[in-house]
Amino acid sequence: MFNTKISQKIAFAVLFVSTLITIIPVLIIIAIIIKNGITAISWQFLTTAPSNGMRSGGIFPAIVGTFYLALGASAISLPLGILGGIYLSEYSKNNYFTRILKLGIVNLAGVPSIVYGLFGLSLFVISLKLGVSIVSGCLTLAIMSLPSIITATETAMSSVPRSFREVSLSLGATKWQTIRYAVLPHASPGIITGTLLSNARITGETAPILFTVAAFYLPQLPNSVFDQVMALPYHLYVISTQIPGISKSVTYGTALVLIVFTLSLNLFGIIVRTYLRRQKKW
Amino acid sequence: MSLIRAEKLNLYYGNFHALINVNLSIEEKRITAIIGPSGCGKSTLLRTFNRMNDLIETVHIDGSIIINNENIFSKTTDIDSLRRKVGMVFQRPNPFPLSVYENIAFGLKIHKIAKTRNELEHTVEQGLKSVLLWDQLKDKLKTSALNLTLEQAQRLCIARLIAVKPEILLMDEPCSALDPIATMHIEELMLELKKNYTIVIVTHNMQQAARVSDDTGFMLLGKLIEFNKAEKIFTNPDKKETEDYITGRYG
Ligand SMILES: Nc1ncnc2c1ncn2[C@@H]1O[C@H](COP(=O)(O)OP(=O)(O)OP(=O)(O)O)[C@@H](O)[C@H]1O
Ligand SMILES: [Mg+2]
């Protein structure tokens with residue numbers, strides 16, 4: 001009796017401490033960024049271009065750039081990734097080809113982001129002559145986020161009970177009607193969260209945009225999708241490594257904006273999921 | 001004339017021969033029960049009638065099933081309209097995690113049966129009435145079907161099916177998840193539905209087959225051993241295996 005109680009307490013303590021150890025660094029990082037960056041945040045910081053060799057002024061072009069990139073990349077990756085996931089879960093036969101395809105997707109998710117950056121540079125920027133531009137950047141980011149969107153969609157679709165499909169088919173629905181009306185609505189919370197989380201992740205990436213779209217310094221906003229833009233992650237990298245004597249609050253302020261940007265995408269994903277889960281239960 | 005006729009039907013799961021030379025003929029507006037010990041192929045046979053076995057990649061079928069004078073395995077058969085005509089009620093009540101209303105409306109929307117909102121509401125009401133659920137649920141149309149009792153859920157599944165206007169209802173042990181009282185209610189409902197539909201029911205429960213069926217088939221190890229009027233099967237079967245089974249010599 002006594003022993004099992006003690007070991008239960010020890011196990012609980014170990015689990016609790018491990019959780020703390022994983023959470024604490026994150027909290028510390030966020031706290032430091034907020035503490036050092038909050039003073040830089042002002043209306044002017046958010047709405048004007050950098051000036052004085054990027055040592056002062058704001059980060060407006062980088063915010064806009066990141067926003068465009070996130071939007072453009074999603075516009076490409078969402079339809080492709082979701083349709084791909086639906087194909088894998090509902091249409092593909094369990095054969096050699098499919099297994100290779102799935103293995104490929106899993107491995108793509110593990111490819112370092114700099115490799116995607118160089119791939120984008122050679123394919124979109126150079127071979128397809130799209131230049132260092134928003135299109136090239138969006139395509140590169142989209143390709144990078146595809147594996148996780150496909151996987152999220154496939155998982156969400158496969159976790160919808162088989163009986164929903166059987167009932168729908170047995171009522172004379174076609175395969176597509178079954179997918180559309182009996183499976184997708186129940187898979188959508190998982191799909192939406194998965195895609196939002198993956199978008200949040202790519203908006204914070206520097207390597208894929210480094211050679212494909214990001215501008216070192218470009219105070220004006222882009223006129224077309226073939227222009228370069230500044231982007232928050234790259235701007236942060238630039239001002240923290242290339243600009244001597246920049247005030248700490250500017251770098252931390254930029255980091256704070258970037259973190260808020262990605263975290264709010266995450267948070268939005270979680271809220272949407274909670275809302276949809278509450279609607280649909282089985 | 002028979003509505004469903006199986007001729008020299010053989011079905012294989014990969015190498016496993018699950019239905020062996022089955023011949024039978026099912027009459028219109030009657031209840032036909034298929035009985036037999038576990039694993040003898042009752043569900044498999046039932047699922048050939050609406051080609052649900054097509055969903056299993058390893059299945060291979062020879063022979064023919066003729067429904068309304070049309071071989072359902074012919075290349076020109078439209079599987080979706082076959083399945084609409086030959087509907088199925090499953091063993092576990094399986095409503096969608098949607099409201100009562102949406103469950104019945106599902107098939108109506110798929111087949112565009114009800115054009116206007118009024119028509120839709122009316123058809124949903126008819127569906128619930130036909131399974132005697134309307135009085136219980138008319139104020140709960142918007143609540144989730146997952147909150148229903150098992151009996152209500154099974155009735156709802158039958159209503160969802162009837163709403164798409166099938167001719168044949170296949171029921172695979174529709175009462176096995178229900179308590180005896182609910183079972184009795186569903187049996188009463190089946191007798192009521194017989195007026196308008198042809199029903200084929202698979203059941204483990206011999207008393208149930210004896211109570212509701214007009215014709216009964218006894219299966220054993222993939223073969224249809226005997227098929228006859230229910231009274232004949234349950235009082236004076238021709239085959240020794242049938243007699244052994246109904247007198248309880250198999251599990
Ligand atoms: N998908 C499948 N793949 C391979 N074999 C199967 C498959 N489904 C069923 N079988 C086999 O076919 C035989 C008949 O199965 P079936 O489900 O039709 O039996 P049943 O009479 O309905 O049994 P129960 O009363 O337990 O429901 C069984 O031996 C079963 O193991
Ligand atoms: Mg069965």
Side-chain angles (χ1 to χ4, degrees), chain A residues 86-102 153-194 272-282, chain B residues 43 46-47 49-58 78-99 102-113 127 144-147 153 156-172:
Chain A
I86 292 176
Y87 169 78
L88 278 183
S89 134
E90 307 295 318
Y91 288 96
S92 68
K93 295 225 157 56
N94 183 17
N95 57 23
Y96 192 69
F97 174 72
T98 308
R99 279 196 293 275
I100 296 272
L101 210 61
K102 287 189 177 168
T153 305
E154 197 207 342
T155 317
M157 298 287 287
S158 316
S159 66
V160 173
R162 202 184 137 81
S163 77
F164 292 14
R165 295 176 176 79
E166 288 198 332
V167 169
S168 170
L169 290 171
S170 78
L171 288 169
T174 60
K175 178 152 188 173
W176 172 244
Q177 286 176 321
T178 298
I179 292 170
R180 173 67 190 78
Y181 298 108
V183 184
L184 259 183
H186 307 289
S188 58
I191 296 176
I192 291 173
T193 338
V272 170
R273 175 175 57 187
T274 320
Y275 175 74
L276 290 174
R277 283 237 174 108
R278 209 168 285 157
Q279 303 246 298
K280 310 243 155 80
K281 276 204 188 106
W282 67 83
Chain B
S43 302
L46 200 67
R47 291 164 64 94
F49 296 143
N50 62 348
R51 293 191 58 179
M52 285 303 269
N53 288 319
D54 289 21
L55 303 183
I56 301 165
E57 283 176 27
T58 57
D78 176 350
I79 300 191
D80 305 315
S81 43
L82 170 73
R83 291 197 182 127
R84 179 174 169 191
K85 188 161 73 183
V86 187
M88 183 159 227
V89 176
F90 296 81
Q91 185 164 358
R92 276 209 69 77
N94 52 6
F96 292 117
L98 303 169
S99 68
E102 288 295 328
N103 262 282
I104 300 185
F106 182 87
L108 299 174
K109 288 180 184 164
I110 293 272
H111 296 297
K112 305 196 171 55
I113 290 175
S144 166
L146 300 186
N147 298 332
L156 181 69
C157 293
I158 298 174
R160 176 175 65 186
L161 171 56
I162 286 176
V164 305
K165 305 192 168 71
E167 289 173 35
I168 299 167
L169 309 181
L170 305 175
M171 302 188 167
D172 192 349

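All chains are named by letter (A, B, ...) in the order of the sequence lines, taking the proteins before the strands, and each is independently numbered beginning at 1. Because the structure is predicted, anything quoted here is derived from the model rather than measured.
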Next item on the list: Evaluate the ring planes of B:Phe106 and B:Phe96, with Trp represented by its six-membered ring, and classify them as parallel (under 30°), tilted (30 to 60°) or perpendicular (over 60°).
Entry: tilted
Check: Under a 4.5 Å heavy-atom cutoff, which of B:His111, B:Arg83, B:Arg51 has the most pairs with chain A?
Finding: B:Arg83
Margin query: Heavy-atom pairs under 4.5 Å with chain A - which of B:Lys109, B:Arg92, B:Lys85, B:Arg160 has more of them than the others?
Written below: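 Looking at each option in turn, the highest pair count goes to B:Arg160.
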Check: If only atom types and distance count, is the side chain of A:Ser188 paired as donor or acceptor with the main-chain N or O of A:Pro185 below 3.5 Å?
Finding: yes
Item checked: salt bridge (charged side-chain N to carboxylate O under 4.0 Å, His left out) partners of B:Arg84, counting only residues at least two apart -> none
Notebook entry, point to check: Sequence neighbours excluded, which residues qualify as salt bridge (charged side-chain N to carboxylate O under 4.0 Å, His left out) partners of B:Asp78?
Noted result: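 Not a single residue meets the salt bridge (charged side-chain N to carboxylate O under 4.0 Å, His left out) criterion with B:Asp78.
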Note to self: Under 4.5 Å from any heavy atom of chain A, what part of B:Met88 do you find: side chain, backbone, both or neither?
What the structure shows: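 Both parts, heavy atoms under 4.5 Å.
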Checklist line | Under 4.5 Å from any heavy atom of chain A - which part of B:Ile110 | finding: both
Next item on the list: Tell me, for A:Thr178 versus chain B, whether the close heavy atoms (under 4.5 Å) come from the side chain, the backbone, both or neither.
Entry: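 Neither part.
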Check: Any side-chain donor paired with an acceptor under 3.5 Å for B:Asp172 and B:Ser43?
Finding: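 The criterion, which ignores hydrogens and geometry beyond distance, is satisfied for B:Ser43 and B:Asp172.
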